[in-house]
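Scope of the values below: all heavy atoms of this structure, side chains included, with no hydrogens, waters or symmetry mates. Numbers here simply count residues along the sequence, with the first being 1. These numbers were taken from a predicted model, which means no experiment stands behind them.
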Amino acid sequence: MSLSQPAIYLMTPKISWTSKMRSLPDYQHRHQNGGAMGCAAVMIPGLLRGPVGAICTQAASLRSTRSAVCHLSLTRVDFFIPGVSVVGGFSICSSPRLLEQERMIDLAVKYTNHPPALWIHNQCTLDSEVAVRVGGEFFFDPQPADASRNLVLIAGGVGINPLLSILRHSADLLRERANKGSGYDIGTIKLFYSAKNTSELLFKGDQICLTFQKNILDLVNEFPEKIACSLHVTKQTTQISAALKPYITEGRLMEQEIRDHISKETLFYICGPPPMTDFFSKQLENSHVPKEHICFEKWW
């Protein structure tokens, strides 16, 4: 995916990594096809106030505006890795609040033969340095006085990453409203998430990120009147755990489920394989949802 806004360059941030790579789920989960998902915490130079936990160290200073920080926290990053000629592009899965408070972002990187992914899984160590470029427009960043909106998030496979960032951001907005009585008044948030099986459903609630950001079912339980999820599996061959059963539907996500949530106050965010993204965006357009209420990301 080409970057849709002028790039912001933040040079030589530190990548925080444990000596034993923590992956998702259960730190070193292996999918049936042999792939693994690693969770990296990236420190942004010049924004760190001090050491953050055992895996972080102070980074060099860098001038940066707050708007640049917010843009970074809500989109994707490109990695320029020394000695690796191929640029790696990864979506941020953490909340913007993590960047504001801890000066860190979370990236979930699937194990593949793509050189940047291989480097992250096999060579990246504590304090490795890369250059980072950020850009894109796939984010939800309302201002306090903006009209209240409902969100429908539609994810397929690893397309959950940027949508999880939006979901976590929505939860932060709900907490701010509850604690302060002010701030953006967000409506309801519904997540539809489809994968081959429950092992492929990332961030569902039994995994741990380096920064301990809350996962999907944690947020559903914290805000039962505001956040809901529907998890779909298309090729499940094992028994589904009792904890997941209330949220799991076996079979593909159907267009009627999405249409039931159409309203003039609802925004739709879609990220997944291109055929899935094309299908649901077209279905929404055919149902007379304004194009400006449909935002999608497809980059693989």
Side-chain angles (χ1 to χ4, degrees), residues 1-5 70-71 74-76 91-93 96 135-174 177 183-196 201 203 216 219-220 223-234 247-300:
M1 185 194 77
S2 59
L3 297 177
S4 53
Q5 292 186 355
C70 290
H71 183 58
L74 292 167
T75 180
R76 54 176 272 129
S91 292
I92 297 168
C93 60
E137 295 182 331
F138 193 75
F139 57 85
F140 177 65
D141 189 23
Q143 300 306 302
D146 288 349
S148 180
R149 296 290 189 184
N150 303 318
L151 301 183
V152 172
L153 313 177
I154 306 170
V158 294
I160 187 62
N161 289 339
L163 296 179
L164 183 64
S165 176
I166 293 174
L167 184 66
R168 287 168 166 167
H169 182 44
S170 300
D172 285 336
L173 293 174
L174 289 169
R177 184 82 178 181
Y184 180 69
D185 185 17
I186 193 170
T188 60
I189 306 99
K190 176 74 175 192
L191 170 67
F192 293 96
Y193 180 16
S194 178
K196 291 180 182 179
L201 288 170
F203 307 107
I216 294 168
L219 298 176
V220 171
F223 301 103
E225 296 182 358
K226 283 288 191 175
I227 298 177
C229 72
S230 178
L231 309 177
H232 287 250
V233 291
T234 57
Y247 308 97
I248 295 288
T249 298
E250 295 194 56
R252 65 182 292 269
L253 175 60
M254 306 300 290
E255 54 268 29
Q256 184 59 49
E257 297 177 75
I258 307 300
R259 284 201 294 265
D260 290 343
H261 292 271
I262 293 176
S263 74
K264 63 180 181 180
E265 295 86 15
T266 301
L267 304 178
F268 294 84
Y269 288 80
I270 312 169
C271 188
M276 174 187 175
T277 302
D278 292 340
F279 176 80
F280 283 112
S281 60
K282 186 65 175 177
Q283 290 295 318
L284 289 169
E285 289 183 25
N286 291 342
S287 298
H288 308 293
V289 175
K291 287 187 176 182
E292 60 269 24
H293 287 190
I294 305 169
C295 187
F296 56 85
E297 175 103 316
K298 50 182 179 180
W299 44 272
W300 76 93

A147 backbone acceptor or donor facing Y184 side chain under 3.5 Å:
yes

Atom of [X], atom of [Y] and distance for their closest heavy-atom approach:
X	Y	answer
L163	A155	CD1-CB, 3.4 Å
E285	I294	CG-CD1, 3.8 Å
C229	V220	SG-CG2, 3.9 Å
C271	G159	CB-O, 3.4 Å
A171	I227	CB-CD1, 4.4 Å
G272	T277	O-OG1, 3.3 Å

Geometric cation-pi criterion R252 and F279, 6.0 Å radius, 45° cone:
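Geometry flag: set, cation within 6.0 Å and 45°.
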
Residue list, ring pair (Phe, Tyr, Trp, His ring centres under 6.0 Å) with Y269, at least two apart or on another chain
F138

Which residues pass the ring pair (Phe, Tyr, Trp, His ring centres under 6.0 Å) test with Y193, not counting sequence neighbours?
none

Hey, what do you get for [atom1] ([X]) to [atom2] ([Y]), rounding to the nearest 0.5 Å?
X	Y	atom1	atom2	answer
K196	L201	NZ	CG	12.5 Å
I186	L267	CD1	CG	9.0 Å
I92	L164	CD1	CG	12.0 Å
S230	L253	OG	CG	7.0 Å
S287	K282	OG	NZ	11.0 Å
C295	I154	SG	CD1	11.5 Å

Side-chain contact, heavy-atom cut-off 4.5 Å: [X] with [Y]?
X	Y	answer
C93	R168	yes
D141	H169	yes
D185	R177	yes
I160	L191	yes
L173	P142	yes
F268	I262	yes
H261	N150	no
I216	Y247	no

Relative to the ring of H232, is the ring of F192 parallel (under 30°), tilted (30 to 60°) or perpendicular (over 60°)?
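Judged by the thresholds at 30° and 60°, the geometry between F192 and H232 is tilted.
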
Taking atom CZ of F296 as the centre, does the number of heavy atoms from other residues, nucleotides or ligands within less than 6.0 Å exceed 12?
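No, not enclosed.
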
Got more than 12 heavy atoms from elsewhere within 6.0 Å of CD, E292?
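Counting neighbours around CD of E292, more than 12 heavy atoms of other residues, nucleotides or ligands fall under 6.0 Å, so yes.
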
Tell me, with the steps shown, if F223 and I189 meet side-chain contact (heavy atoms from CB on, under 4.5 Å).
CA-CA 10 Å; F223 301 103; I189 306 99; over 6 Å; no

